[in-house]
Amino acid sequence: MFAMKLSNVEFRAMNTPWRRWGHKYFEMPMFRRLGLEARDKEVLEIGCGNGYGAYLLNQLGPKSYIGLDVMEEQIEIARRRYPQYNFLIQDAADLSRFTEGSKDVIVIFGVLHHIPEWRKVIDEIARVLKPGGSLFLEEPRGLDIKFFDFLFRWGHPNTDFGLKALEKHLTASGFRFQKLWTPLLTMYHCTK
Ligand SMILES: C[S@@+](CC[C@H](N)C(=O)[O-])C[C@H]1O[C@@H](n2cnc3c(N)ncnc32)[C@H](O)[C@@H]1O
């Protein structure tokens, strides 16, 4: 399946100070409330965008960090801003470069709703996580995605992604999860 880039409108929105503010003061604290720890852990971030998540996650003292994103333009920004961290241009539906059970923590800040093959990404994560490892995941509701597209023309790809379908597939893949609902995003801590 062809991996899609962000629309110009969303690309610009992801690269604003407002986005960084939300990332730092809202999403990271919510993940921390759900139990995010990274000290001495092997961390993988999926859809790392411009690298601000790399900066935040590396404050937690991981043993290793890799951020991947399918969009070259995002990875170029990430590498320019944070040359000290490790970034890859990679489609998340193919994590074959990572061996089974090699990561302690996998983090996703709002990415699966962009990927038509999002179920395959979850299957790959289930393979790559160590037993007892954690997936921290945040996604918007399907309805909110449509609302943003109507109002701001963000142009998300047309997929069957939705939180009910997500939870169903997480359970089918052997994950248990806790979640925190917020008006824009639902945050999950998933364990196997
Ligand atoms: C809404 S942005 C979020 C970016 C970043 N996580 C943040 O919170 O600012 C979604 C990101 O997912 C990336 N993405 C979309 N499809 C992808 C795929 N198949 N594999 C990896 N990354 C993908 C996009 O390039 C984009 O950087």
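Both ligands and their constituent atoms are indexed starting at 1 by order of listing. Computed over heavy atoms, backbone and side chain alike; hydrogens, waters and symmetry mates excluded.
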If you count the atoms of ligand 1 from 1 in the order shown, which ones are under 4.0 Å from a heavy atom of Met71?
25 (O)
Min heavy-atom dist His113 to ligand 1 below 4.0 Å
no
Treating Ile, Leu, Val, Met, Phe, Trp and Tyr as nodes and any side-chain heavy-atom pair under 4.5 angstrom as an edge, say whether Phe136 and Met28 lie in one connected cluster.
yes
Carboxylate-amine/guanidinium proximity below 4.0 Å for Asp160 and Arg119
yes
Please could you name the atoms of ligand 1 that Gln74 approaches to less than 4.0 Å, counting only its heavy atoms?
27 (O)
N/O separation below 3.5 Å, Leu6 to ligand 1:
no
Please determine if Glu27 has a nitrogen or oxygen closer than 3.5 Å to a nitrogen or oxygen of ligand 1.
no
Could an N or O of ligand 1 be found under 3.5 Å from any N or O of Asp91, whether backbone or side chain?
yes
Salt bridge or not for Glu27 and Arg19, using N-O below 4.0 Å?
yes
Proximity of Asp69 to ligand 1 by residue part, where a heavy atom lies under 4.0 Å
both
Taking only heavy atoms of Gly49 into account, list the atoms of ligand 1 that are under 4.0 Å away from them.
27 (O)
Measuring from the heavy atoms of Glu10, does anything fall under 4.0 Å of ligand 1?
yes
Roughly how far, to the nearest 0.5 Å, is CD1 of Ile75 from SG of Cys48?
3.5 Å
Extract all donor-acceptor atom pairs below 3.5 Å that involve side chains of residues 52-61 and protein atoms in other chains or at least two apart in sequence.
{"from": "Asn58", "atom 1": "ND2", "to": "Ala54", "atom 2": "O", "distance (Å)": "2.7"}
{"from": "Gln59", "atom 1": "NE2", "to": "Tyr55", "atom 2": "O", "distance (Å)": "3.0"}

Looking at Glu42 and Lys63, is any side-chain nitrogen of the basic one under 4.0 Å from a carboxylate oxygen of the acidic one?
yes
Taking only residues two or more places apart in sequence, or in another chain, which ones meet Asn50 in a side chain to side chain donor-acceptor pair (under 3.5 Å)?
Asn15
So is there a nitrogen or oxygen of Ala92 less than 3.5 Å from a nitrogen or oxygen in ligand 1?
yes
Going by the side-chain hydrogen bond (donor to acceptor under 3.5 Å, both in side chains) test, name the single residue among Glu138, Glu167, Gln178 that passes it with Tyr188.
Glu167
Atom indices of ligand 1 within 4.0 angstrom of Gln90 heavy atoms, with elements:
20 (N), 21 (C)
Could you check whether any heavy atom of Gly110 sits closer than 4.0 Å to an atom of ligand 1, since that is the contact criterion I want to use?
yes
To the nearest 0.5 angstrom, please state how far the CG atom of Leu180 sits from the NE2 atom of His189.
11.5 Å
Backbone or side-chain N or O of His114 under 3.5 Å from ligand 1 N or O
no
